[in-house]
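Taking it in order: structure first as structure tokens, then the write-up.
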Amino acid sequence: IHKGVYFKLNEINNGLKDGEKIKNFRSLYCDDFSEKYLLYKLLNSIYKNRYIEYSGEQIKQMGIEAEPDYYIRNGNNLFLFESKDILINAAIKSSYDFKQYEIEFKKKLHFETKKEKIEKKAVLQLINNIENVITKQFQFDTNYKTQSIHIYPILILHDHQFNIAGLNVVVNSWFQTELAKLKEKGLPTDKVKQLVIIDIDTLIFHQDLFRDRALKLNQILDEYFKFITIDNKKKYIDNKHTKEYAKRTVITFSHFISNYVKLNKIRRVPKMIIEKGITIF
């Protein structure tokens, strides 16, 4: 619903006179609504300050620049969130050309060079904040042992269209390349998990399970990584069996968690749909 609202508001804004028009409306919407309202409100409602928890706005107020969009630590499990409400040009989406897709996603989620200056996107922002965690640069939270902390880099996307098989593999490959550079600098990276893409709709839909602790984020992410990772020591029956396991590597987190809650018989209708659905529809 909120996607439709954005395009309607954008249409109205474009029709206003120059003195009334909001400049950089897209940037304003993504910052004030997608991140500061939708993501902040959702994560805070799930975790309710049970753990060490800071929004990007709170961290920024401490004078810290290039801050994570959300920071949560529960004991030795630390979650770094980057929120990106991106749009891909319609002509590129309809091109069916993987090379164009890769170039565009790289500019949106890895980095973009403008006037010989590198503009860091989600992958590099996560890498930067992982380095800050390992070197204890965040003064608001230093009471942990670097060698014991498990770091979960999470990329939140706000468009369900990007919840597609294989995208996580591509973006994670960029992430692993950048993570290797931290290791070359002598930083311990063995407990940094794979980057995972989670679309905001998946978090909204399963929020009750996370809130009630029927699902724990670190556990479900570990199960997901285990599912999509090929075990080189495993002996496969035949080529068909090998291909079946290879297909797992491109499965989205959204697809995995939907099957997980179904198989474990914990799926339920979200309270928000029960409470608000009738009035909306």
Side-chain angles (χ1 to χ4, degrees), residues 1-16 21-35 37-39 42 69 81-115 117-126 153-178 194-206 224 228 243-244 246-259 280-281:
I1 291 173
H2 76 263
K3 274 294 174 188
V5 170
Y6 162 72
F7 286 111
K8 186 63 180 177
L9 291 174
N10 191 50
E11 180 185 349
I12 293 170
N13 187 60
N14 288 336
L16 296 175
K21 191 179 296 184
I22 298 173
K23 294 182 180 179
N24 301 316
F25 177 72
R26 176 67 190 168
S27 178
L28 174 72
Y29 181 90
C30 294
D31 190 41
D32 281 16
F33 177 75
S34 300
E35 181 185 332
Y37 180 79
L38 191 58
L39 180 66
L42 177 60
D69 289 336
F81 295 84
E82 280 298 326
S83 173
K84 297 298 175 188
D85 190 351
I86 61 172
L87 292 175
I88 299 294
N89 185 280
I92 293 176
K93 284 198 290 187
S94 61
S95 70
Y96 303 103
D97 184 344
F98 176 79
K99 289 184 178 179
Q100 287 193 54
Y101 297 156
E102 186 175 26
I103 291 170
E104 193 68 11
F105 276 115
K106 199 174 186 70
K107 288 193 296 184
K108 299 285 186 179
L109 300 175
H110 191 182
F111 68 88
E112 185 175 10
T113 304
K114 290 184 177 180
K115 297 180 180 178
K117 184 178 179 181
I118 293 178
E119 189 174 302
K120 296 181 179 180
K121 304 298 184 176
V123 169
L124 289 178
Q125 289 169 335
L126 284 166
I154 300 170
L155 171 56
I156 300 291
L157 294 184
H158 289 257
D159 195 326
H160 198 68
Q161 292 185 65
F162 303 138
N163 191 30
I164 49 177
L167 181 60
N168 207 131
V169 178
V170 175
V171 179
N172 185 53
S173 70
W174 302 333
F175 175 79
Q176 294 301 326
T177 298
E178 300 295 341
Q194 299 181 51
L195 179 148
V196 61
I197 295 174
I198 303 178
D199 69 283
I200 195 74
D201 295 318
T202 294
L203 270 184
I204 292 172
F205 190 79
H206 297 293
Y224 173 62
I228 65 172
K243 287 183 178 179
E244 286 299 316
K247 287 178 182 178
R248 290 185 174 197
T249 63
V250 300
I251 294 295
T252 66
F253 179 76
S254 176
H255 182 82
F256 174 80
I257 194 173
S258 294
N259 284 338
I280 292 174
F281 300 108

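We number each residue from 1, following the sequence as shown. The shown structure was predicted, so the numbers you read here are calculated from the model rather than taken from an experiment.
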- For the atom pair CG (D31) and CG (N24), what is the distance rounded to the nearest 0.5 Å? 11.5 Å
- Note on the structure: Note: Q176 and Q194 closest approach over all heavy atoms is NE2-CA, 3.9 Å
- Look only at the side chain of N168 and the backbone of L195, and say whether a donor-acceptor pair between them is shorter than 3.5 Å. yes
- Message: In the structure I gave you, are the side-chain heavy atoms of K121 and E112 within less than 4.5 Å of one another anywhere?
- Response: yes
- Task: Could you verify whether a donor N or O on one side chain and an acceptor N or O on the other, from S34 and D85, lie under 3.5 Å apart?
- Result: yes
- Not counting sequence neighbours, which residues clear side-chain hydrogen bond (donor to acceptor under 3.5 Å, both in side chains) with E35? List them please. Y40
- Candidate pair L109 and L157, rule side chain to side chain contact (heavy atoms under 4.5 Å, CB included), full reasoning: CA-CA 10 Å; L109 300 175; L157 294 184; 4.0 Å; yes
- Task: Tell me, please, which residues at least two apart from N259 pass side-chain hydrogen bond (donor to acceptor under 3.5 Å, both in side chains).
- Result: H255
- Note on the structure: Output for pair (H158 NE2, D199 CG), nearest 0.5 Å, gives 10.0 Å
- Task: State, with a plain yes or no, whether a side-chain heavy atom of L87 is found less than 4.5 Å away from one of Y6.
- Result: yes
- Task: In sequence, state the C-alpha distance, the side-chain angles, and the governing distance for E104 and K107, and then conclude on salt bridge (Lys or Arg N to Asp or Glu O under 4.0 Å).
- Result: CA-CA 5 Å; E104 193 68 11; K107 288 193 296 184; 3.6 Å; yes
- Query: If you round to the nearest 0.5 Å, how far is CG of L42 from CD1 of I200?
  - Reply: 5.0 Å
- Show your reasoning for whether side chain to side chain contact (heavy atoms under 4.5 Å, CB included) applies to F205 and T202. CA-CA 5 Å; F205 190 79; T202 294; 5.9 Å; no
- Could I get the full list of side-chain hydrogen bond (donor to acceptor under 3.5 Å, both in side chains) partners for T252, not counting sequence neighbours? none
- Message: Tell me if a side-chain donor or acceptor on Y224 pairs with a main-chain N or O of I251 at a distance below 3.5 Å.
- Response: yes
- Note on the structure: Rounded to the nearest 0.5 Å, the CD1 atom of I257 sits from the CD1 atom of I198 at a distance of 7.5 Å
- Query: What is the minimum heavy-atom distance between I88 and K108, and which atoms define it?
  - Reply: CD1-CG, 4.0 Å
- Query: Taking side chain as C-beta onward, heavy atoms only, is D159 less than 4.5 Å from I86?
  - Reply: no
- Task: Could you list the residues that satisfy side-chain hydrogen bond (donor to acceptor under 3.5 Å, both in side chains) with K93, not counting sequence neighbours?
- Result: Q161
- Task: Please tell me if the side chains of L38 and F33 come closer than 4.5 Å, counting only heavy atoms from C-beta onward.
- Result: yes
- Message: Are the side chains of L126 and V123 in contact, using a 4.5 Å heavy-atom criterion?
- Response: no
- Using modelled atom types only, decide if a donor and an acceptor are shared between the side chain of N14 and the backbone of N10 within a distance under 3.5 Å. yes
- Task: Can you run down the ring pair (Phe, Tyr, Trp, His ring centres under 6.0 Å) pairs that involve residues 83-109, sequence neighbours left out, and say none if there aren't any?
- Result: F105-F162
- Which distance, rounded to the nearest 0.5 Å, do you find between the CZ of F7 and the CG of L9? 11.5 Å
- Residue set satisfying salt bridge (Lys or Arg N to Asp or Glu O under 4.0 Å) with K117, at least two apart, ordered chain then number -> none
- Message: Just verifying a value: how many Å separate I164 CD1 and S254 OG, rounded to the nearest 0.5 Å?
- Response: 12.5 Å
- Message: Do S258 and H206 have side chains that approach each other closer than 4.5 Å (heavy atoms only, starting at C-beta)?
- Response: yes
- Go through E119 and F111 one step at a time and tell me if the side chain to side chain contact (heavy atoms under 4.5 Å, CB included) criterion holds. CA-CA 6 Å; E119 189 174 302; F111 68 88; over 6 Å; no
